[in-house]
Amino acid sequence: MKPERRGFLSGLVLSTSALVLAGCNKIANSSAVDHVLTSAEAFNRRMGHFFVRPKSLAREYSRADISRFFKPNGSIAPDNPADASSTPAYRAHVASNFADWRLVIDGLVEHPQTLSIADLKAMPAKAQITRHDCVEGWSSIAEWRGVQLARLLQKAQLKPNAKYIVFHCADAIDKNDDGSPLFYYESIDLEDAFHPQTILAYAMNGQPLPVPHGAPLRLRVERQLGYKQAKYVMRVEAVDSYKRYGQGKGGYWEDNGYEWYAGI
Amino acid sequence: MADHSSNGGAAGPTHKVLVPRHKLATRITHWINVVAFVMLLLSGLAIFNAHPALYWGQKTDFDHPWLAMTATPAPGGKLVGHTKVGGADFVTTGVLGASPGVDGKPQARGFPKWLTMPPYKALVDGRHWHFFFAWLLVLNGLAYLAFGFWNGHLPKDLWPTRQDLKEIPHEIVTHAKLQFPKDERATRYNVLQKMAYGGVILAFIVLILAGLTLSPRLDAGFHLPDLFFGRQSARSIHFILAWAIVAFLALHLFMVVASGTWNNIRSMITGRYAIEVPETSEGGDHEA
């Protein structure tokens, strides 16, 4: 081989390794790079929607498949005054066993609703044993019982310009820059909102929903990852855009860079 | 130049000529694949670090991982890294379980910062790198397969013939002795190469399917976990196959060096490969 060609190849190998060793942190921290990388998100969402029909069902399991230990994640102790996610209002609801707790359904709806747990339990129930996939990689299986979100939205009747459903939660997952509590929130589109397995669950494995899992009410949107399954749901709001909440990305974890459509 | 190799084929004086070896499509897709696989490995390990444990089955039995990397505190603010495989527990401080973070301080982390992209602990950024390069790998792989069938590379060059299968014992012996043909036979894949490269293509396909199984959206359409005996098994298989490809890569690089480093690398860049032919024969460029 010609010496200059060999020199070129060695130079290429050496400079590439130097770049890799010294630059990984710098490259990874660059927002321009992140902008390019996150362009893949749209492909993930489009391919998921292209290959899987809007009404396709998540797999349901048998009672024998239920996890003996279902890992609670995110806020897990808003009933504990020492926990950062806790608020006096939520602790008062726990103390009264959610007797005065009301689910509010408002926003772009014709008939806003205020419903107690008893009101929700009086509606036709939907139960499903499904797999919960955390973005961290683990999976747990549980039985959920609740009311189909579609049923609640039909009751409230969406206005034609409603495009998304935002879930406002009672747990202070974080703090705003001014130190005020930052409450968890999430959002889904109407395809998922009207999916037959999308429910607001008040029971888990035959028991009232435990506090670590989102008492008294949590969202189950079964074809997405765990962080979409908002816990401690207080208010369901129909909106035309979720941009006005948080950093405008549609949810607490989305504001921290995670994908809005958590299909993988 | 004289050929003294017993494996070189032609007796008598020979000279080197450059002959075409790898097609342009093969070369381009090869190098894109190198970049994509390395980035997918590093970002995959960053994602693994968010929950550095692996399980079998559909769901996670947190008490019974088959592989787990953990950190336990030790006196003086130190961390001891443990790697548990099945029932065995190894102390792997500094590499697995606990190693210095980007600030240099000991940190609980599965794989060390020099094996993850990004080097700092961030599942969110690991996912961004992973999905970007996953698309690059898939599109590049589809282009490779399309060209491979269109120009005949896959059926002609990679599919073993009946004669190839008979040569397996002989090839194993010559490979073990690190004897490689230097004449025109070197322009074709031998049967062990065909099996290794075919195996890697298959491993990539299963690896990608196991990765897609981790998608709850795709699972709703295809029931993919049934293919891999559950979602947690799919995650384990995804991990194992990634390391199987790393093992292939180590062997591949060893063979590149053993059979002529620069000649091999040049043939994968310019497409031209130097072989030895008898003095009397014609054709090919004389190497300077």
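To find a chain, count down the sequence lines: A is the first, B the second, and so on, and within it residues start at 1. Just so you know, these numbers come straight off a predicted model, no measurement behind them.
- For B:D61, the part sitting under 4.5 Å from any heavy atom of chain A is the side chain, from C-beta outward, and nothing else.
- Note on B:F133, B:F62, B:Y55, B:F48: by heavy-atom pairs under 4.5 Å with chain A, the leading option is B:F62.
- The choice from A:D65, A:V33, A:N44, A:L57 that makes the most heavy-atom pairs within less than 4.5 Å of chain B is A:N44.
- Contacts between B:Y120 and chain A at a heavy-atom distance below 4.5 Å involve backbone atoms as well as side-chain atoms.
- Using a 4.5 Å cut-off between heavy atoms, A:D133 contacts chain B through both its backbone and its side chain.
- Interface check for chain B: of the options A:R68, A:R53, A:K71, the most heavy-atom pairs under 4.5 Å are formed by A:K71.
- Looking at A:H49, both its backbone and its side chain come within 4.5 Å of chain B, counting heavy atoms on both sides.
- Classification of A:E259 and B:R217 as a salt-bridged pair fails, no side-chain N sitting under 4.0 Å from a carboxylate O.
- Only the side chain of B:F222 comes within contact range of chain A, judged by heavy atoms closer than 4.5 Å.
- Using a 4.0 Å cut-off between charged side-chain N and carboxylate O, A:K55 and A:E191 make no salt bridge.
- One finds a salt bridge joining A:R131 and B:D219 here, because a Lys/Arg side-chain nitrogen approaches an Asp/Glu carboxylate oxygen to under 4.0 Å.
- Note on B:K182 versus B:E276: no salt bridge recorded, every NZ/NE/NH1/NH2 to OD/OE distance being 4.0 Å or above.
- Side-chain contact between B:V124 and A:N256 is absent, with no heavy atoms from C-beta onward closer than 4.5 Å.
- Heavy atoms of B:W129 lying under 4.5 Å from chain A belong to its backbone as well as its side chain.
- A side-chain N or O of A:Y185 and one of A:D255 form a donor-acceptor pair less than 3.5 Å apart.
- For the options B:Q58, B:M117, B:R235, B:K113, heavy-atom pairs under 4.5 Å to chain A are most numerous at B:Q58.
- Considering only heavy-atom pairs separated by less than 4.5 Å from chain B, the leading option among A:E41, A:Q197, A:M47, A:E222 is A:M47.
- Heavy atoms of other residues, nucleotides or ligands lying less than 6.0 angstrom from OH of A:Y61 number more than 12.
- The residue among A:A58, A:S39, A:A262, A:S67 with the most heavy atom pairs within less than 4.5 Å of chain B is A:S67.
- Both the backbone and the side chain of A:E136 come within less than 4.5 Å of a heavy atom in chain B.
- Here A:D189 does not pair with A:K163 in a salt bridge; the nearest charged N to carboxylate O distance is not below 4.0 Å.
- The distance between the ring centers of A:W144 and A:Y202 does not fall below 6.0 angstrom.
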